[in-house]
Amino acid sequence: MIFDLSPFQSIIAFSSPFEPVFRPGVTQIRSRITFIDQSVLHVRENYILSSGWIDYAYQWQTSNHQLLMRWDNAHEVNLPTSPHHQHIGSEENVQSSEPMTLNKVLAFIASQLTSG
């Protein structure tokens with residue numbers, strides 16, 4: 001649960017602390033990362049202690065709260081990668097996704113912000 005954001009400092013304007021909240025059987029991490037274009041990534045990871053499962057949601061949105069992408073595994077979906085999936089541009093546009101980590105999401109966002 002140690003997050004090294006240093007490889008992504010060129011695209012990050014601000015990030016809130018990644019402080020764990022301990023509950024019986026679960027440790028939760030939440031944070032908010034603001035990028036140089038003012039878009040925001042909301043980070044939530046729940047570490048289920050008994051199974052080692054990590055329940056995650058990474059929601060990237062514009063500064064005026066328009067969904068760009070959300071990667072999550074919060075529920076089953078009718079896709080071959082279930083429960084891992086992504087929402088692209090809207091809640092209704094659900095696509096397959098590989099299992100994600102914060103580093104993978106940040107690498108994707110960095111590629112989008114630095115392309116062109």
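We use all heavy atoms of the structure for the numbers below, so side chains are in, but hydrogens, waters and symmetry mates are not. Every value quoted in this text rests on a predicted model; they were computed, and no experiment measured them.
Residues E91 and R70 are in side-chain contact: their nearest non-hydrogen atoms beyond the backbone lie under 4.5 Å apart. Contact check for L102 versus V43: side-chain heavy atoms found under the 4.5 Å cut-off. Side-chain contact check for V105 versus W60: every heavy-atom pair is 4.5 Å or farther apart. Counting only heavy atoms from C-beta outward, the side chains of T27 and N46 never approach each other to under 4.5 Å.
In terms of the salt bridge (Lys or Arg N to Asp or Glu O under 4.0 Å) criterion, residue partners of D55 (sequence neighbours excluded) are, by chain and number, R44. Partners of E76 under the side-chain contact (heavy atoms from CB on, under 4.5 Å) rule, at least two apart in sequence or in another chain, are S82, P83. Partners of H65 under the side-chain contact (heavy atoms from CB on, under 4.5 Å) rule, at least two apart in sequence or in another chain, are Q61. Qualifying salt bridge (Lys or Arg N to Asp or Glu O under 4.0 Å) partners for E19, counting only residues two or more places apart in sequence or in other chains: none. The side-chain hydrogen bond (donor to acceptor under 3.5 Å, both in side chains) test applied to N64 returns T62, not counting sequence neighbours. Qualifying ring pair (Phe, Tyr, Trp, His ring centres under 6.0 Å) partners for F8, counting only residues two or more places apart in sequence or in other chains: none. Judged as a side-chain contact (heavy atoms from CB on, under 4.5 Å), and not counting sequence neighbours, the contacts of F14 are S16, T34. For the side-chain contact (heavy atoms from CB on, under 4.5 Å) test, residues two or more places apart in sequence or in another chain that qualify with I54 are E45, Y47.
At least one donor-acceptor pair under 3.5 Å links the side chain of Q86 to the backbone N or O of S96. In terms of modelled atom types and a separation under 3.5 Å, the side chain of K104 and the main chain of E98 share no donor-acceptor contact. Distance alone, capped at 3.5 Å, is enough to place a donor-acceptor pair between the N93 side chain and the I88 backbone.
Hydrophobic cluster of W53: the remaining members, joined at side-chain heavy-atom separations below 4.5 Å, are V26, I48, listed by chain and number. When hydrophobic residues (I, L, V, M, F, W, Y) are linked wherever their side-chain heavy atoms come within less than 4.5 Å, V40 remains an isolated member. Under the 4.5 angstrom side-chain criterion for Ile, Leu, Val, Met, Phe, Trp and Tyr, L67 has no cluster partners at all.
With rounding to the nearest 0.5 Å, the separation of CD1 in I36 from OG in S10 is 6.5 Å. Interatomic distance, M100 CE to T81 OG1, rounded to the nearest 0.5 Å: 11.5 Å. Taking CG of L113 as the start and OG of S39 as the end, the distance is 5.5 Å to the nearest 0.5 Å. The distance from the CD1 atom of I109 to the CG atom of L68 is 8.5 Å, given to the nearest 0.5 Å. A distance of 7.0 Å separates OG of S15 from CD of Q9, quoted to the nearest 0.5 Å. Taking CH2 of W71 as the start and OG of S97 as the end, the distance is 8.0 Å to the nearest 0.5 Å.
Hydrophobic clustering, with ILVMFWY side chains joined whenever heavy atoms are under 4.5 angstrom apart, keeps F108 apart from V94. In the hydrophobic cluster analysis, where Ile, Leu, Val, Met, Phe, Trp and Tyr join through side-chain heavy atoms closer than 4.5 angstrom, Y56 is grouped apart from V77.
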Test L106 against F3 for side chain to side chain contact (heavy atoms under 4.5 Å, CB included), laying out the working first.
-> CA-CA 11 Å; L106 289 172; F3 298 98; over 6 Å; no

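Considering every non-hydrogen atom in both S6 and D4, the closest pair reads OG-OD1, 2.5 Å.
Donor-acceptor pairing under 3.5 Å is lacking for the side chains of H85 and N73.
The salt bridge (charged side-chain N to carboxylate O under 4.0 Å, His left out) contacts involving residues 30-43 comprise nothing, where partners must be two or more places apart or lie in separate chains.
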